[in-house]
Amino acid sequence: MPSIELDPNLSRYSQRTRGMKASEIRALFAVATRPEIVSLAGGMPYTAALDYAAVDEVTTGVIRDHGPIALQYGSGQGLPALRERLVEVMAAEGVRATGDDLVVTTGGQQALDLIAKLFCDPGDIVLAEGPSYVGALGAFASYEAEVRHVEMDGEGLLPAALEDQLTRLDAEGRRAKFLYTVPNHQNPGGVSLSLERRHEVLAVAQRHDLLVVEDNPYGLLDFKGETRPALRALDPDRVLYVGTLSKIFSPGIRVGWVAAPESIRDKLVQLKEGADLCQSNLTQFIAERWLGTQPWLRQVDEYRRVYRERCEALLTELSAELPAGCSWTDPTGGFFVWLTLPEGLDSGELLAKAISARVAYVPGRGFFADGNGSRHLRLSFCFPQPDEIREGVRRLAEVLHAEVELVRALYGGREQDRGAAGTPLPLHRER
Amino acid sequence: MSVSVAVLAGGLSLERDVSLRSGRRVAEALASRGHRVTRLDLDDGLVTAVATGDFDVAYLALHGKAGEDGTIQGLLDVLGLAYTGPDAVASALAWDKAVFKGLARREGLATPDWIAVSSDAVRNMGAGQTLDRVVARLGLPLVVKPSQGGAAMGVRVLHAAAELGPALMTGFSYHDHVVVERFVAGTEIAVSILDHEPLPAVEIVPRDGAAYDFAARYTHGATDFYVPARLGDAVLARAQDLALRAYDLAGCRHVARVDMIVDTDGQPWLLELDTCPGMTETSLLPVAANSAGLAFPDLVDRIVRLAVTAHAPV
């Protein structure tokens, strides 16, 4: 007797979608979007901080002055005038490029998808920090690439660990297609790659002829207003640079880009055309006009001020409320704090209890492709108001205190029995 | 007969996502049968919405706490609105697995041996020192589940004594009481009861020998279903009888689903009674009803009519 076929398309799905499964954690997030819950989970920019009179003027002006073109198809590479403006954005961080080097994409995420599509066959190796951006891991997984993580600490990824991974791959007769890295205010770690290590990482990459994909959504959001030299600025031929306006203007307009050497750029344009013909002309015009007519760096300053204040609220409350044995990163900028739990606690298993206590976070395992990260979690401070952040931390602290007590009672001081094999390095000093 | 139905789905329960899926599907099906349908979430506007909505009946597509534990049923009783599924008392009895298993065993219904562990006993009375005894009595493997909750959330199957501590911690994340149950190897089946009549048993076979966990339940193609279950007629009759006895034991009405394992000797063992069965595309009650010739819209239409009729003034 055959089994009941509930999905008539089951036999038609591609091999690469086989790993797509319903997930308990994703289901729990359905509750986290309710207003009763303080969400320290999602990384949504605080777009309410924008100057809406200026946004209004820009969007109205686009329709008035460019309506028929803005509502038309565009070119696969992206609006030339916008690409020139994006070159200015990169220049604000010391990255030299020309408009011709760029391909405009639907946010940085599409850039990651196209890059994976361009380079990865099933089973190919991609290197990434451990932990790494969950959206990048998803993009790589959808092309069935195998991600190997490179350890990092409070100053970003460890050049020696990168060297080790590459040497090991050499010994296996295999080769990494590229290294994916977020060197500034990393998601989820919140830490930045030190200047010294930037040079060391590139030296290792040169020795092993490794391509580097540098994802830089948060570079301009340094709390002290400092900028760090981009890897692309140090070695333009070896580094693909992914940028986005999502964090410094708006994620809703979906404007990102890749800066790449000519041969790669040409292929990315073809892939982009295959994916969606072209970027929305309308939002490209809006972005171009925003960057061309508005004091956009002042807006970046405002975002920076908002996020710094929220980060301070989060860190202060963490110090006041969290149980001993917890430790966390001290972000240089960006949106996130990476928290390490005391021994015996598992952030994934704890999420249900946290949501019942009306606070949400992202469990650490999502930031690893290899099952690591159970003692870690990511807290984001970008969207909730400082008072909400403090309330959220108090709720989380209550859950953690109770959990620590319960684990201690259950194991009688032998918490290590619970075991968390291969726990990654904390990205910070123990407190 | 067209009626005005409030489909209740969502809420703050951990099963909100599953509930919203059930609710969406139920609402579409009822609308396709000509009923006037309004979808309501469980929030602080609910009483006002029900009081002013001029509804004939509420369809409860709720899963998890507040939706299945008798809370919403009690509230709707106060508001005087008919609703689908078992009443507040039946819901409360079936909702807690340890309570219902205890009740079942007392009435002579076969249910796998278990021990309930409370986080309070661990935290304040040293229950952590009794884990060896738990394993000694129940043996291995074991199933550890939160005493309250559904969708297999927080459920772990373990094969070594050392895994019991972590599994308890997981269970406690979902509820303060956890049931540690002897694992019965055999065929996993579900028998749904519609208005006191058992529907054909659905056999559940997760692919790749995996457990029937959250992913296996809600991913298309992750689980194979056979209806009727591939068991002998006598065994199926015993399973349906056990399901009906469980349904009556709680005092159910309209609809419920009974989950069981049939061991290699053909003995069905009661695992739990679900008073608000899932209505998603991969849920068991719709699969069973469909095989009995009742398409999904007919099934929800029938359930609504049962609720309206039961509530009609005599």
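Keep in mind that this is a model prediction, so the values were computed, not measured. Reminder, nothing fancy here: chain letters follow the sequence lines and each chain counts from 1.
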Considering only distance and modelled atom types, tabulate donor-acceptor pairs under 3.5 Å from the side chains of residues 156-168 of chain B, sequence neighbours left out.
residue, atom, partner, partner atom, Å
B:Arg156, NH2, A:Glu349, OE1, 2.8
B:Arg156, NH2, A:Glu349, OE2, 3.2
B:Glu163, OE1, B:His159, N, 3.0

Six-ring centre of A:Phe367, A:Arg378 cation under 6.0 angstrom, axis tolerance 45°: no
Spatial distance of atom CG (A:Leu406) from atom CZ (B:Arg123) [nearest 0.5 Å]: 5.0 Å
Interface moiety of A:Ala354 toward chain B, non-hydrogen atoms closer than 4.5 Å: neither
Atom group of A:Leu6 that falls short of 4.5 Å from chain B, counting heavy atoms: both
With only heavy atoms counted, which part of [X] is less than 4.5 Å from chain A, the side chain, the backbone, both or neither?
| X | answer |
| --- | --- |
| B:Ala152 | backbone |
| B:Asn290 | neither |
| B:Ser291 | neither |
| B:Ala222 | neither |

Heavy-atom contacts under 4.5 Å, residues 32-44 of chain A to chain B: A:Arg34, A:Glu36, A:Ile37
B:Tyr226 atom OH, over 12 foreign heavy atoms within 6.0 Å: yes
CG (A:Asn9) with more than 12 external heavy atoms under 6.0 Å: yes
Donor-acceptor pair, side chain of A:Arg375 and main chain of A:Leu341, under 3.5 angstrom: yes
Side chain B:Ser147, main chain B:Ala98, donor-acceptor under 3.5 Å: yes
When B:Leu14, B:Val205, B:Val227 are compared by non-hydrogen pairs under 4.5 Å with chain A, the top option: B:Leu14
Where A:Val359 and A:Gly392 come nearest, the two heavy atoms and their spacing: CG2-O, 3.4 Å
Test item: side-chain donor near acceptor, B:Trp95 and B:Gln148, under 3.5 Å: yes
